J.: 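To start, I am sharing the structure in question, which I have written as structure tokens.
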Amino acid sequence: MYDFYRENILDHDRNMRYRGVLDPADIDYEAVNPLCGDKLRLTLRLSEDKTHIEALAWEGEGCAISKASASMLGEMILGKSLDEVRAISKQDVFDLIGIPLSMNRVKCGLLSLKALTVALYGLGEWERREQAEED
Amino acid sequence: MTMPDYAYDIDAVRAQFPILHVEHHPGVPLTYLDNGASSQKPLAVIEAMDSYYRTTNANVHRGIHKLSEQASEAYEGARVKVRRFIHAASKREIVFTRGTTEGINLVAQTWGRANLKPGDVILSTQMEHHANIVPWQMLAAQTGAVVKFAPITPDGQIDADAYARMLRELPVKLVTFTMVSNVLGTITPAADMARLAHDVGAVVLMDAAQAVPHMAIDVQALDADFLVFSGHKMCAPTGSGVLYGKAALLDAMPPWMGGGDMISKVTFEGSTWNDIPFKFEAGTPLISEQIGLGAAIDYLNALGMDKVQAHEHAMTRYALDRLAELPFVHVYGPDADKKGAVAAFSMDGVHAHDVAQVLDSQGIAVRAGHHCAQPLHSLLGTAATARASFYLYNTFEEVDRLVDALYVVKRTFSV
């Protein structure tokens, strides 16, 4: 069969971890993939001292790649400090996905990281990273 | 399967398209079903462009030297071929553009800005490509005009009563609609829609991006005021395209982009404009591309657009019949008799991206997403569909391959 969809991608696609919407939430942000119109909403709750991620939930429509990467990224960041989360790179997410993505599917794979980064640190932080890549 | 009742040597046709004979993956042939996005190119087009760069390349319209003259002749020769192909009254009515999108923006920013007032209505439909929505929304923001969308029926046709009512009740100044929906495939009753629009004094623009590649078009019989299309969906290169406009309208329109070639006279105090169509062709044009478009038209004429249409119709009917055998696949849009060569579909429990990815592993190229028609997809209640779209070189066997591969998708996702 076709190894693009490895078993763990299919598993995370079918059983997306932390699916839903947190209410109340400290942070509520929806990212959109302009290429396909897919949406991913992230709600987050922080620890009392606002330094750690205490709970999170994903909600949205997407392909297997975008859902699986959100699911795996969620597992990675739960309980982590905001400084640790800030240090997560695109490559870290590619490593989670574990299969090479073509140019047009990179945006699917990174939609969750974009949602997370923009939600916590603002659009400027994401744009700064994108610009840094181009330069 | 019944054999088509028209003379069409599909093997000879396919022999003209080198890319169809390149393996998609090792041992897996290419099944190219993404023609709605862009078509492949025959040798005649590839060689015309190659020959142009090897023997003729120079700038057009200015040089006195032989190469420039030959380049200009070839470029203007392509304009004449376009004129005949769509039955325009004059080659002055053929404006070369980079494609459909540029043609629509040109009309919006010239005719639109000069003629629309606050409250005027631009009437479009619910099944338009973004290229026939966004330029009008931008124009509306600039002029105070309003964009309205005629509704479609559940089986994907223009709601004729609602369309007629909107024309009667609203101050419609421009009607702009697709001739063939790039998602549903619906062939709209363009001549009838134009007649009704003209009855209330509106100007009519037809988006023929999915029509000109697939059927014979007569702009005078349609009574189109403007008609736009792209070369790259009809065997020609990317960057080639056409805005047809009635001469009286084009003459009265202000230019869009300023620069070389579009002027009559330039002084430090001001400038006057070149005649149509050159008034709308600022800067060095896409010379080799439009020459390639001319070669594509020669190719299509030799094949015969009636035969192309008959072949595609047979393909579409066969594809819809075969897809109907799959209970887990849902096709959008009307029946084969009312649609162009496109089948947009969704699959139970599998996102369109994932359908397309697995199909690709089987050598099959389809489009997945909203196909630049997000408002239509929201109407259909889905964010994304997969779309198989056919062209003159596709075969019945390729449809069978698509159906077989959809079973692979089903197995992959255990749905």
Side-chain angles (χ1 to χ4, degrees), chain A residues 1-17 19 21 30-42 58-73 93-94 96-115, chain B residues 24-28 34 37-38 129-131 133-134 182-183 344 346-387 404-415:
Chain A
M1 189 52 69
Y2 185 42
D3 67 4
F4 189 91
Y5 290 100
R6 297 189 322 178
E7 195 47 47
N8 77 319
I9 299 271
L10 292 171
D11 176 46
H12 279 276
D13 171 39
R14 278 193 291 259
N15 309 300
M16 202 176 166
R17 287 19 159 212
R19 183 151 209 170
V21 176
E30 184 173 77
V32 175
N33 182 348
L35 290 180
C36 58
D38 281 351
K39 293 174 189 167
L40 196 57
R41 180 179 174 191
L42 171 64
W58 300 104
E59 179 75 4
E61 284 178 62
C63 59
I65 297 298
S66 76
K67 281 157 67 190
S69 82
S71 178
M72 291 188 279
L73 182 63
V93 174
F94 293 143
L96 281 179
I97 298 169
I99 46 173
L101 297 181
S102 66
M103 196 178 74
N104 290 337
R105 298 220 63 186
V106 162
K107 288 212 188 287
C108 306
L110 292 180
L111 189 61
S112 53
L113 182 64
K114 181 182 177 187
Chain B
H24 193 61
H25 302 299
V28 179
D34 194 17
S38 199
H129 186 283
H130 293 169
I133 300 174
V134 182
N182 70 315
V183 178
S346 60
M347 195 167 154
D348 291 338
V350 188
H351 188 283
H353 278 175
D354 302 318
V355 173
Q357 190 90 51
V358 175
L359 292 182
D360 178 75
S361 74
Q362 308 297 305
I364 300 172
V366 299
R367 191 88 190 270
H370 53 55
H371 318 300
C372 294
Q374 264 183 317
L376 174 61
H377 275 79
S378 75
L379 210 63
L380 298 173
T382 177
T385 55
R387 181 186 70 182
D404 292 345
L406 287 170
Y407 280 105
V408 177
V409 177
K410 187 175 187 299
R411 283 199 300 278
T412 303
F413 286 90
S414 317
V415 290

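Keep in mind that what you see is a predicted model, and the values were worked out from it rather than measured. The sequence lines fix the lettering, A, B, ..., with proteins before strands; numbering per chain opens at 1.
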J.: Of all the heavy-atom pairs spanning L10(A) and T412(B), show the shortest one and how long it is.
T.: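 Reported closest heavy-atom pair: CD1-O, 3.9 Å.
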J.: Going by the salt bridge (Lys or Arg N to Asp or Glu O under 4.0 Å) test, name the single residue among R14(A), K67(A), R105(A) that passes it with D354(B).
T.: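 Looking at R14(A), K67(A), R105(A), the match for D354(B) under the salt bridge (Lys or Arg N to Asp or Glu O under 4.0 Å) is R105(A).
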J.: Could you go through the side chain to side chain contact (heavy atoms under 4.5 Å, CB included) check for D38(A) and H353(B) one step at a time?
T.: CA-CA 10 Å; D38(A) 281 351; H353(B) 278 175; 4.0 Å; yes
J.: Yes or no on side chain to side chain contact (heavy atoms under 4.5 Å, CB included) for H351(B) and D13(A), after CA distance, side-chain angles and deciding distance?
T.: CA-CA 10 Å; H351(B) 188 283; D13(A) 171 39; over 6 Å; no
